[in-house]
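Each remark here refers to the structure printed beneath this line.
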Amino acid sequence: MLEIIGAGFGRTGSYSLQAALTRLGYGPCHHMSSLGEDTALIRQWAAIADGDTPHWQQLLTGYRSAVDWPVAAYWRDLLDAFPTAKVILTVRDPEHWYDSAQESIYRFMAPRHGSAALVSWLENRLSPSLRRRREICRQIIWEGTFSGRFEDREHAIEVYQRHVTAVRQEVPPDRLLVFDVRQGWQPLCTFLAADTPAEPFPHLNDRASFQRMANLRTRRTLMLRRTTPGEGAAIR
């Protein structure tokens, strides 16, 4: 049963929050990275992106928490589906958030120009799973949340700010933590009534780290494609 819903957009510290929640015993924690090469999970999210009615209990079976996109786009639905779950809204400075998202997830998942677009095309041809994940992101995030206008900085930041305001206003205060990961363990552990770990809070996945991980995932995906020639038919 899902106990924690992460309502914060990607690049607000959601990867660090995933690690922190797992350390506090709220794992497994669903995250965009959870899709990986999990063809069953990709298929379920692809169906949601295509407009099918979500079956949240089935989709999130086995997860105690869920953060990051695509979950964050459905926070209202998840509030209803899991009425006892707590909500953590990760936040950061809107201008810094946009710069980080534009230079990392948008560049990797929705490249439109130059050599990045060519590399993306080749990756998509070689790896149907990566292609489908990009399509899920396009439908749910770039076209859905940002109406196809993420490159319009002012519009994207306005969407981000409206989202933060809506979560603050609509989630009951006793179920909500507005959390900047720079605050570390204290507010998170207080909110969850958990003991504070002795080790430092996990600050993970800055832009440089994201690029390294993205490159590693791409290499791993291409290697997997060479060893699993039947994958394409399985997830289309």
Side-chain angles (χ1 to χ4, degrees), residues 6 8-12 14-15 18 29-52 54 59-60 66-75 97-153 155-156 159-160 163 205-236:
F9 281 178
R11 306 311 296 169
T12 59
S14 55
Y15 196 67
Q18 180 197 32
C29 179
H30 186 288
H31 182 275
M32 175 63 79
S33 61
S34 303
L35 275 66
E37 299 297 332
D38 187 335
T39 55
L41 192 57
I42 292 172
R43 189 180 299 112
Q44 290 179 81
W45 275 114
I48 293 172
D50 288 338
D52 287 4
L59 175 67
L60 296 171
V67 303
D68 196 59
W69 280 314
V71 161
Y74 297 93
W75 63 273
W97 162 79
Y98 181 82
D99 290 340
S100 178
Q102 199 276 335
E103 290 295 323
S104 57
I105 51 177
Y106 186 72
R107 174 174 290 184
F108 179 71
M109 298 304 288
R112 297 184 180 184
H113 309 293
S115 60
L118 176 59
V119 170
S120 174
W121 181 82
L122 290 171
E123 290 172 346
N124 290 346
R125 293 273 295 179
L126 290 169
S127 173
S129 63
L130 181 56
R131 172 182 56 78
R132 201 64 187 100
R133 294 204 309 272
R134 283 193 167 113
E135 181 64 11
I136 291 167
C137 288
R138 183 190 67 79
Q139 292 174 281
I140 294 177
I141 304 171
W142 313 124
E143 298 293 338
T145 300
F146 296 102
S147 305
R149 295 174 56 194
F150 184 81
E151 291 186 0
D152 180 342
R153 183 188 187 94
H155 171 76
V159 170
Y160 169 82
H163 173 79
N205 209 17
D206 59 19
R207 264 181 270 177
S209 298
F210 180 93
Q211 188 59 54
R212 288 194 296 271
M213 287 190 295
N215 292 339
L216 177 60
R217 284 194 297 267
T218 298
R219 289 196 298 271
R220 195 159 48 214
T221 296
L222 300 181
M223 289 298 295
L224 178 66
R225 176 58 180 169
R226 294 191 187 103
T227 59
T228 56
E231 178 194 15
I235 66 169
R236 285 190 179 121

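- Using a distance-only test at 3.5 Å, with no hydrogens or angles considered, no donor-acceptor pair links the side chain of Arg149 to the main chain of Ala156.
- Expressed to the nearest 0.5 Å, how far CD of Glu103 lies from OH of Tyr98 amounts to 9.0 Å.
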> Going through the distances and angles, do Ile140 and Tyr74 end up as a side chain to side chain contact (heavy atoms under 4.5 Å, CB included)?
Replying inline: CA-CA 10 Å; Ile140 294 177; Tyr74 297 93; 3.7 Å; yes
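- The side-chain heavy atoms of Tyr15 and Asp68, taken from C-beta on, include no pair separated by under 4.5 Å.
- The aromatic rings of Phe146 and Trp142 lie parallel to each other, with less than 30° between the two planes, well short of the 60° mark.
- Considering all non-hydrogen atoms of both residues, His163 and Ala72 come closest at CE1-O, 3.9 Å.
- Residue Trp97 holds its CH2 atom at 7.5 Å from OH of Tyr160, rounded to the nearest 0.5 Å.
- Judged by distance alone, with hydrogens and angles left aside, the side-chain atoms of Tyr106 form no donor-acceptor pair with the main-chain N or O of Ser100 at under 3.5 Å.
- Remark: side-chain polar atoms of Ser14 are not paired, donor with acceptor, to backbone N or O of Gly10 under 3.5 angstrom.
- Rounding to the nearest 0.5 Å places CD of Gln18 at 4.5 Å from OG of Ser33.
- Nearest heavy atoms, Pro54 versus Ile48: CB-CD1, 3.9 Å.
- When all heavy atoms of Ser104 and Arg11 are compared, the pair lying nearest together is OG-NE, 3.2 Å.
- Taking both residues in full, the closest heavy atoms of Ile136 and Ala46 are given as CD1-N, 3.7 Å, listed atom of the first, atom of the second, then distance.
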>> Run Arg153 and Asp99 through side chain to side chain contact (heavy atoms under 4.5 Å, CB included) and show every step you take.
In response: CA-CA 9 Å; Arg153 183 188 187 94; Asp99 290 340; 2.8 Å; yes
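- Shown here are the side chain to side chain contact (heavy atoms under 4.5 Å, CB included) partners of Asp50, two or more places apart in sequence or in another chain: Arg132, Gln139.
- Nearest heavy-atom pair, Leu59 versus Leu41, reported as atom, atom and distance to 0.1 Å: CD1-CD1, 3.5 Å.
- Residues passing the side-chain hydrogen bond (donor to acceptor under 3.5 Å, both in side chains) test with Trp69: none are found, sequence neighbours excluded.
- Interatomic distance, CD of Gln44 versus OG1 of Thr39, reported as 10.0 Å (0.5 Å rounding).
- Here the shortest heavy-atom pairing between Gly36 and Arg133 reads O-NH1, 2.5 Å.
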